[in-house]
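Right, one structure below, let's go through it.
Here is the naming used below: chain letters follow the sequence lines, and residue numbers restart at 1 for every chain.
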There are 2 protein chains.
Amino acid sequence: MARPVTTKARARATYRHGDLRRALLEAGIALARDGGPEAVVLREATRRAGVVPNAAYRHFASRQDLLNAVRAAALAAVARAMEAELAAVPEGTPEEVARFSLRAIGLGYLRFAEEEPGLFRTAFAVPGGLEVGADPSSRGESGLGPFQLLGDALDKMVAAGLLPPERRPGAEFLAWSAVHGFAMLVLEGPLHGFGPAERREIGARVIEMVEKGLEVPRPAVSRKASPAKRGERALDLGQGEAASQSEA
Amino acid sequence: MARPVTTKARARATYRHGDLRRALLEAGIALARDGGPEAVVLREATRRAGVVPNAAYRHFASRQDLLNAVRAAALAAVARAMEAELAAVPEGTPEEVARFSLRAIGLGYLRFAEEEPGLFRTAFAVPGGLEVGADPSSRGESGLGPFQLLGDALDKMVAAGLLPPERRPGAEFLAWSAVHGFAMLVLEGPLHGFGPAERREIGARVIEMVEKGLEVPRPAVSRKASPAKRGERALDLGQGEAASQSEA
DNA sequence: ATGTTTTGTGGACAGCGTACACAATACGGC
DNA sequence: GCCGTATTGTGTACGCTGTCCACAAAACAT
């Protein structure tokens, strides 16, 4: 309602929608919010926009294209959740700020996963693949996406001397792995048996784990006892295994 | 081919398939292997089994039911990948065995994710939810599912004195979070820019992080400075937010 | 006012999951 | 061996989906 007609507001004819693209995007976001990515159905979005199915193709190349736009919006929402948490970080020494910033990032992430599971899954549980910083519409208020916000927090930790610079490269993946994995477990069921308080407790331990994992300069465990043969083949098994591993 | 006919092998009439359920399951597994869960299409499975679409309904209540069976098989495959890695753990002191068992679990998990992304995603990236130990057909050779295997490894660590007993509850979620999250990042794209060697390096650091995170008895960081107001409001974005968060 | 570009409509198609009625086969009791 | 019954695969059909095409209406440039 009250769409901004481009020239003269000839109120009778609804042929021109005014801002169909936005309407479709918002319908898609609403669908994703309750139902996740698979609920983003093109025809349903057009239905909600009060328009014939094919009209969508004037604004999105395909359902996947619409879904990508919804995903960008969901990523932006994740970024905003992080920013909201960052804004609550109290003043203090650079060390404190850095440490609590990292924590805030993690908490914002988990908070969003728990409160907006549909959008969260849309943002991340994507079959096709995920470009971390590509789409500019996936940023938060600060103009940064979730991934950049995490990187910033880690940079602050380096500056504050909490994270050895040589451990900085790849550190976002350590942090992201732990928190993202936890969010996935929460969403996918394994932690549904736990109450919210227990989940938060475990979530806090996950974040602690990240902090611990980043701080140590080198593993205390010597790898001397590591079996030689595993070092060689490492992660490639390759042939023969995949062929026979269907369930009998 | 060469299906075991139940009574007399009247080779001409193919009306009775022999073991359609198994054929459908294997077709479903094949579909999931290259294409992930969304590629498990009921009609295509029946096509591959050489049967009319509705025949599937004599063996599976719905597409979702077939998908669940495929998922169980995929979980069993994950368990077998873990077991294969466990079998390579060398003899040694209980501490060594315990530590390397945990590492083997993680490596097996990551190895499977990298080698069988389709099956891995089918096993875990499930919209509906995931029962960790429910289905008996989701176990490996040892009769244990992936989750129980991890639990066993952690129990071994407690027995070896590497993990304080009071930290044992919930520990599988810490470990699982980190490794599962890393696997997801590998599958979903963010780490596609890295070569296999770098991915393995980061994966190893993730596992180190888990080990570090489990060993420490209590967090060194006091939480005194945590902002109070955050406890109250938690996460309500609610109104007006979705409306304005589309990219213009 | 007129021609061009943009945007929404109408109709169609193949593919999907699934429901119902029906036919072919296997099995259990005689 | 025969026959009723339960099992399992077939045929047809419906509504849903994403997408293509030709066409019409509105907006814009001239």
*Whole-Å distance between dC16(C) C1' and Glu44(B) CD?*
12 Å

_Within the structure provided, determine whether Phe194(A) and Arg200(A) are in side-chain contact (heavy-atom separation under 4.5 Å)._
no

*Rounded to the nearest angstrom, tell me the gap between atom CG in Leu24(A) and atom P in dT19(D).*
14 Å

*Can you check the Leu66(B) CG to dC16(C) P distance for me, whole Å?*
14 Å

*Atom CG of Leu42(B) to atom P of dT17(D): distance rounded to whole Å?*
19 Å

*If you measure only the distance, is there a donor-acceptor pair under 3.5 Å linking the side chains of Asp152(B) and Gln148(B)?*
no

*Partners passing salt bridge (Lys or Arg N to Asp or Glu O under 4.0 Å) against Glu83(B) (at least two apart in sequence or in another chain)*: none

*asked:* Do Met184(B) and Phe124(A) make a side-chain contact, defined as non-hydrogen atoms from C-beta onward lying under 4.5 Å apart?
replied: no

*Determine: side-chain N/O of Arg47(B) to OP1/OP2 of dC16(C), distance under 4.0 Å, yes or no.*
yes

*asked:* Donor-acceptor pair, distance only, cut-off 3.5 Å: does the side chain of Glu85(B) make one with the backbone of Met82(B)?
replied: no

*Not counting sequence neighbours, which residues clear salt bridge (Lys or Arg N to Asp or Glu O under 4.0 Å) with Glu44(A)? List them please.*
Arg47(A), Arg48(A)

*What string of B, S and - do you get for nucleotides 2-15 of chain D 5' to 3' if you count protein non-hydrogen atoms under 4.0 Å?*
-----BBBBBB---

*asked:* Tell me the interatomic distance from Tyr57(A), atom OH, to dT17(D), atom C1', rounded to whole angstroms.
replied: 9 Å

*Quickly work out the Arg63(A) CZ to dC20(D) P distance and round it to whole Å.*
15 Å

